[in-house]
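Just so you know, these numbers use all the heavy atoms, side chains as well, and skip hydrogens, waters and symmetry mates.
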Amino acid sequence: MDLILLCVFLPLVTVAWGQYGDYHYGGYDYRENDEWVNVYRQGFNFQCPHGQVIVAIRSVFNKKEGSDRLWNYACMPAAQSLGEPTECWWEEINRAGTEWYQTCSNNGLVAGFQSQYFPSVLDREWQFYCCRYSRRCPYSCWLTTEYPGHYGEEMDMMMYTYDHYIRGATTTFSAVDRDRQWKFIVCRMTEYDCPFQNV
């Protein structure tokens, strides 16, 4: 009887631990030191090391601190099949207090974020740092669910599949809550060169 119970409950415990235990991505724990890349009401610039892309985003909201958020990111090396990045750049600025949609141009992948806080709007402007890998192209793209689930909540987004990459995001801004919800644009990348590019 004990063996039957073990066989029934062991898979359940394993799944629960995977969903609710510490977040690990290929051996990297972005919560290992819980250091934020910014302080409230200040700008920041975060870039992954060369050849790495963003795989996890964590944020906490504080209404008393100007309705601002602290941010933390994790990076992992892109798949070897993509090779080394051939170029990296900063995309155009997405203005504070507005809704926006942006993907990395030239088939790029998100490898960093830059943000500046504006006290007059109680919001941030954002820029993506993007890197292009040879002539690889995105396919099977989709939008994630909203992060955070509700305005003012903690945000914890992680890519659980190694060959999926963040290419951009769309955001909504609440003038009442002075907070933003994100849906990330996630894609797979071809393992071969393709003759076209997005703009």
Side-chain angles (χ1 to χ4, degrees), residues 16-25 28-49 52-76 90-104 108-130 141-161 164-187:
W17 180 80
Q19 290 179 346
Y20 302 108
D22 288 339
Y23 291 96
H24 292 278
Y25 186 89
Y28 183 84
D29 182 359
Y30 81 113
R31 289 183 170 190
E32 67 184 342
N33 55 16
D34 249 351
E35 289 183 18
W36 303 104
V37 300
N38 68 308
V39 295
Y40 290 114
R41 304 180 197 190
Q42 298 295 315
F44 70 87
N45 177 323
F46 177 86
Q47 294 178 38
C48 292
Q52 296 190 18
V53 294
I54 298 284
V55 295
I57 302 167
R58 182 172 181 233
S59 178
V60 294
F61 180 80
N62 190 327
K63 193 162 193 74
K64 294 178 183 176
E65 290 288 350
S67 295
D68 197 15
R69 286 182 168 273
L70 295 176
W71 294 89
N72 191 357
Y73 301 98
C75 304
M76 285 294 293
W90 287 102
E91 283 291 345
E92 293 182 14
I93 294 173
N94 296 289
R95 298 291 175 205
T98 63
E99 297 182 359
W100 48 265
Y101 176 98
Q102 185 176 50
T103 58
C104 287
L109 304 176
V110 176
F113 291 90
Q114 183 168 275
S115 182
Q116 184 64 43
Y117 180 78
F118 287 89
S120 60
V121 194
L122 298 178
D123 191 28
R124 294 179 163 274
E125 70 178 16
W126 290 91
Q127 266 183 298
F128 293 142
Y129 182 66
C130 302
C141 299
W142 74 93
L143 287 173
T144 64
T145 59
E146 292 176 330
Y147 290 95
H150 300 282
Y151 294 112
E153 291 182 345
E154 182 173 328
M155 174 176 160
D156 208 350
M157 194 285 294
M158 174 165 259
M159 301 300 302
Y160 287 100
T161 307
H164 291 75
Y165 302 96
I166 300 172
R167 291 220 46 246
T170 181
T171 70
T172 55
F173 179 71
S174 169
V176 174
D177 297 297
R178 310 314 290 181
D179 195 17
R180 202 169 271 288
Q181 284 183 306
W182 299 69
K183 288 184 178 181
F184 295 94
I185 302 160
V186 176
C187 301

Undergrad: Under 4.5 Å between any side-chain heavy atoms of Glu91 and Gln127, yes or no?
TA: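 They are not in side-chain contact.
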Undergrad: Distance-only check: which donor-acceptor pairs under 3.5 Å involve side-chain atoms of residues 42-49, not counting sequence neighbours?
TA:
residue	atom	partner	partner atom	Å
Asn45	OD1	Gln47	NE2	3.4
Asn45	ND2	Gln114	OE1	2.8

Undergrad: Of all the heavy-atom pairs spanning Gly66 and Tyr117, show the shortest one and how long it is.
TA: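 Looking at all heavy atoms of both residues, the closest pair is O-OH, 2.6 Å.
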Undergrad: Can you tell me how far apart OG1 (Thr144) and CE (Met158) are? Round to the nearest 0.5 Å.
TA: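 Reported value, rounded in 0.5 Å steps: 14.0 Å.
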Undergrad: Could you state the interatomic distance from SG (Cys141) to NE2 (His164), rounded to the nearest 0.5 Å?
TA: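 Cys141 SG to His164 NE2: 9.5 Å, rounded to 0.5 Å.
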Undergrad: Once salt bridge (Lys or Arg N to Asp or Glu O under 4.0 Å) is applied, what residue pairs with a partner in residues 64-76 remain, sequence neighbours excluded?
TA: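 Sorted result for residues 64-76: Arg41-Glu65, Asp68-Arg124, Arg69-Asp179.
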Undergrad: If you look at every heavy atom in Gly168 and Phe128, which pair is closest and at what distance?
TA: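 Scanning both residues, the minimum pair turns out to be CA-CE1, 3.8 Å.
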Undergrad: Report the distance from atom CH2 of Trp142 to atom NZ of Lys183, rounding to the nearest 0.5 Å.
TA: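 NZ of Lys183 is found 14.5 Å from CH2 of Trp142.
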Undergrad: Using distance alone, with no hydrogens and no angle criterion, decide if Thr172 and Tyr151 have a side-chain donor and acceptor under 3.5 Å apart.
TA: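 Their side chains do contain a donor-acceptor pair, which is all the 3.5 Å distance test asks for.
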Undergrad: Decide yes or no for Arg178 and Val121: does some side-chain heavy atom of the first lie under 4.5 Å from some side-chain heavy atom of the second?
TA: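 In contact.
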Undergrad: Would you find a donor on one side and an acceptor on the other, under 3.5 Å apart, between the side chain of Asn72 and the backbone of Arg58?
TA: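 Not a single qualifying donor-acceptor pair exists.
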Undergrad: Is the closest side-chain heavy-atom distance between Cys187 and Tyr165 below 4.5 Å?
TA: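 Not in contact.
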Undergrad: Okay, side chain of Gln181, backbone of Tyr147: is any donor-acceptor separation there less than 3.5 Å?
TA: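 Between the backbone of Tyr147 and the side chain of Gln181 there is no qualifying donor-acceptor contact (under 3.5 Å).
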Undergrad: Kindly determine whether Leu70 and Tyr40 satisfy side-chain contact (heavy atoms from CB on, under 4.5 Å), including the steps that lead there.
TA: CA-CA 6 Å; Leu70 295 176; Tyr40 290 114; 3.5 Å; yes
Undergrad: If you look at every heavy atom in Cys104 and Gly108, which pair is closest and at what distance?
TA: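 In terms of heavy atoms, the two residues are closest at CB-O, 3.2 Å.
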Undergrad: Could you tell me the separation between the CD atom of Glu99 and the CG atom of Asn94, rounded to the nearest 0.5 Å?
TA: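 Between atom CD of Glu99 and atom CG of Asn94 there are 12.0 Å.
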Undergrad: Taking C-beta and beyond as the side chain, do Phe118 and Asp123 meet within less than 4.5 Å on heavy atoms?
TA: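 Sidechains of Asp123 and Phe118: no contact.
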Undergrad: Quick one: pull up CZ in Arg167 and OG1 in Thr103 and give me the separation to the nearest 0.5 Å.
TA: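 The distance works out to 5.0 Å.
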Undergrad: When the ring centroid of Phe113 is compared with that of Tyr129, is the distance short of 6.0 Å?
TA: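 Not close enough - the centres of the two rings lie 6.0 Å or further apart.
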Undergrad: Distance from Ile93 atom CD1 to Trp100 atom CH2, nearest 0.5 Å?
TA: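 Rounded to the nearest 0.5 Å, the CD1-CH2 separation comes to 12.0 Å.
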Undergrad: Would you indicate whether the side-chain heavy atoms of Gln102 and Trp126 approach each other to under 4.5 Å?
TA: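 Not in contact.
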Undergrad: Carefully, step by step, assess Asp177 and Ser67 under the rule side-chain contact (heavy atoms from CB on, under 4.5 Å).
TA: CA-CA 8 Å; Asp177 297 297; Ser67 295; over 6 Å; no
Undergrad: Can you find a heavy atom in the side chain of Phe61 that is under 4.5 Å from one in the side chain of Met155?
TA: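 Side chain of Phe61 against side chain of Met155, heavy atoms only: no contact under 4.5 Å found.
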Undergrad: Phe184: which residues meet the ring pair (Phe, Tyr, Trp, His ring centres under 6.0 Å) condition with it, sequence neighbours left out?
TA: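 By the ring pair (Phe, Tyr, Trp, His ring centres under 6.0 Å) rule, Phe184 matches Trp182.
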Undergrad: Taking side chain as C-beta onward, heavy atoms only, is Cys75 less than 4.5 Å from Ile54?
TA: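 Contact flag for Cys75/Ile54 side chains = yes.
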Undergrad: Report yes if the side chains of Ile185 and Ile166 come closer than 4.5 Å at any heavy-atom pair, otherwise no.
TA: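 When only atoms from C-beta onward are counted, Ile166 and Ile185 do not touch, as no gap falls below 4.5 Å.
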